[in-house]
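Comments concern the structure below.
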Amino acid sequence: MTRVTVWGENVHESTSDRVREVYPDGMHRVIADALNEDSNIRASTATLQEPQHGLSDEVLNKTDVLTWWGHCAHDQVSDEVVERVHARVLEGMGLIVLHSGHYSKIFKRLMGTSCSLCWREAGEKERVWVCQPSHPIAQGIDRYFEIPNAEMYGEPFGIPVPEEQVFISWFAGGEVFRSGATWTRGNGKVFYFRPGHETYPIYYQAEVRRILRNAIHWATPTTPRWVDEAPNVEKVEGAE
Ligand code: ZN
């Protein structure tokens with residue numbers, strides 16, 4: 001059983017009627033429901049507005065994989081919580097960063113680069129191509145799938161060269177974007193997945209939900225938690 005915490009900024013949902021129409025209970029709820037369709041995943045939610053943003057030591061210690069959606073309130077996430085999440089990723093917790101989470105403090109901290117991109121909100125068609133058909137995150141997806149109305153994200157994307165490029169997107173306006181990519185940080189696996197925007201029903205789409213579940217399984221730690229204690233040690237060779 002993989003224990004997942006779905007983190008949602010949960011600001012647009014309370015400030016915009018248009019967003020509330022699409023996600024009346026919040027995007028985090030819809031994402032958690034998509035994950036809980038898999039009986040081997042147990043997903044709960046946490047939001048910015050909760051004490052410690054819902055990400056206390058106690059919660060993170062019981063989280064195998066964390067998903068992160070943020071957009072307009074990245075700067076309201078406390079540095080202390082970012083430090084805590086960062087440490088947990090290095091220990092082995094998986095992290096799935098979604099859509100506008102590319103500019104979150106935690107993603108920028110883990111990547112060490114600008115994480116910048118270009119964008120346009122014009123309801124364009126997005127065609128998401130599978131780059132690695134054998135990758136666990138791409139299972140159940142055909143050569144490509146399409147999102148009828150999406151916000152465009154375009155290159156250059158200010159990320160370090162990914163360890164694996166799972167998806168690449170083409171947009172009707174002509175741009176392309178590295179929309180699914182993986183990295184390892186310490187003992188933890190990190191996956192960035194582009195689709196998802198507060199005004200489009202993208203997290204209800206079957207292919208997107210399948211990829212999210214695949215990503216959880218891929219990012220689930222398979223080795224014991226790795227706690228860095230920087231020990232001072234005795235010599236091994238020639239010891240009495
Ligand atoms: Zn967006």
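In each ligand, atom 1 is the first atom listed, and ligand 1 is the first ligand listed.
Taking the six-membered ring where tryptophan is involved, the planes of His197 and Tyr200 are tilted, since the angle between them lies from 30° to 60°. Relative orientation of the Tyr204 and Tyr23 rings is parallel, given thresholds of 30° and 60° on the angle between their planes.
Considering all non-hydrogen atoms of both residues, Asp64 and Pro221 come closest at O-CD, 3.4 Å.
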Step by step, work out the salt bridge (charged side-chain N to carboxylate O under 4.0 Å, His left out) result for Glu91 and Arg88.
CA-CA 5 Å; Glu91 288 174 3; Arg88 280 289 294 127; 3.1 Å; yes
Take Tyr153 and His99 through the test ring-ring contact (aromatic ring centres under 6.0 Å, His included) and record every step on the way to the result.
CA-CA 9 Å; Tyr153 276 9; His99 188 62; 4.7 Å; yes
Assess whether ring-ring contact (aromatic ring centres under 6.0 Å, His included) is satisfied between Phe177 and Phe171, documenting all intermediate values.
CA-CA 8 Å; Phe177 188 74; Phe171 294 88; 7.3 Å; no
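Around the Zn ion (ligand 1), protein atoms of type N, O or S found under 2.8 Å number 3.
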